[in-house]
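Worksheet: the structure to be examined is printed underneath.
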Amino acid sequence: MKIAAFALALAFILGVSLPVSADILQVQNVTEEIWDLVGPPEQRNSEYLGNNATFGLIVTTDGAVLIDPNGSERGASMIDDVVQALTDQPVRSSINTGGQDHRCLGSVYWRVMTESGVLGI
């Protein structure tokens, strides 16, 4: 865990993308507490688990806000792993920016699988 925290800190300092989850999601720091989670720009397949889009994470003192919670339970779980590597704050809410399945079907994961009682907007 200390190595992962060091790698994240180094990526933040250097302003570089950090590969996460078997090189599927690239983590890009936008500002101090805002992150892009960028999936591959390719058609969906079983390796990507619906993560072939760009997702966002905003960390606040009250918790994290996830922008687009993914299109599958397993894909949302992959995003959850990334979120946990970036912050100790729980995801408190999610914002669905579109009706495409790869943007919103992961809402179920965040409502059921986390302890945060996530409210999708």
Side-chain angles (χ1 to χ4, degrees):
M1 187 65 165
K2 288 182 181 182
I3 294 172
F6 174 75
L8 287 171
L10 183 61
F12 176 75
I13 291 167
L14 298 176
V16 298
S17 298
L18 182 65
V20 178
S21 297
D23 296 323
I24 292 172
L25 292 172
Q26 295 292 319
V27 176
Q28 298 176 345
N29 184 247
V30 177
T31 65
E32 186 175 335
E33 296 294 340
I34 299 176
W35 304 87
D36 280 341
L37 313 177
V38 181
E42 301 171 13
Q43 290 296 320
R44 177 180 344 200
N45 66 36
S46 60
E47 180 185 0
Y48 304 151
L49 304 173
N51 282 331
N52 59 326
T54 299
F55 310 95
L57 178 68
I58 302 169
V59 179
T60 73
T61 55
D62 294 327
V65 178
L66 183 64
I67 312 291
D68 293 327
N70 184 268
S72 71
E73 183 178 327
R74 289 177 56 209
S77 177
M78 182 186 294
I79 289 175
D80 194 11
D81 291 343
V82 174
V83 169
Q84 289 179 30
L86 294 172
T87 182
D88 292 330
Q89 290 285 0
V91 172
R92 297 275 186 216
S93 63
S94 65
I95 300 171
N96 297 324
T97 64
Q100 303 100 335
D101 60 351
H102 65 270
R103 299 223 175 265
C104 63
L105 292 179
S107 295
V108 173
Y109 170 87
W110 294 98
R111 288 185 184 158
V112 174
M113 300 302 285
T114 68
E115 298 175 12
S116 62
V118 168
L119 171 64
I121 299 173

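When each of L37, N70, I24 is tested with M78 by the rule side-chain contact (heavy atoms from CB on, under 4.5 Å), just one qualifies, namely I24. No option in T87, L86, L57, V59 other than V59 meets the side-chain contact (heavy atoms from CB on, under 4.5 Å) test with E33.
Applying the side chain to side chain contact (heavy atoms under 4.5 Å, CB included) test to E42 and every residue at least two apart in sequence or in another chain returns P40, Y48. Evaluation of the side chain to side chain contact (heavy atoms under 4.5 Å, CB included) rule for T60 yields I58, D62 as partners, not counting sequence neighbours.
Here N51 contributes atom CG and L25 contributes atom CG; the two are 4.5 Å apart, rounded to the nearest 0.5 Å. The line from CZ of F55 to OG1 of T97 is 9.5 Å long, rounded to the nearest 0.5 Å. Annotation: the span from R74 atom CZ to D80 atom CG amounts to 15.0 Å, rounded to 0.5 Å.
Grouping the Ile, Leu, Val, Met, Phe, Trp and Tyr side chains by contacts below 4.5 angstrom, directly or via other members, places V30 apart from V38.
What you find for P69 and A76 is that their closest heavy atoms are O-CB, 3.6 Å.
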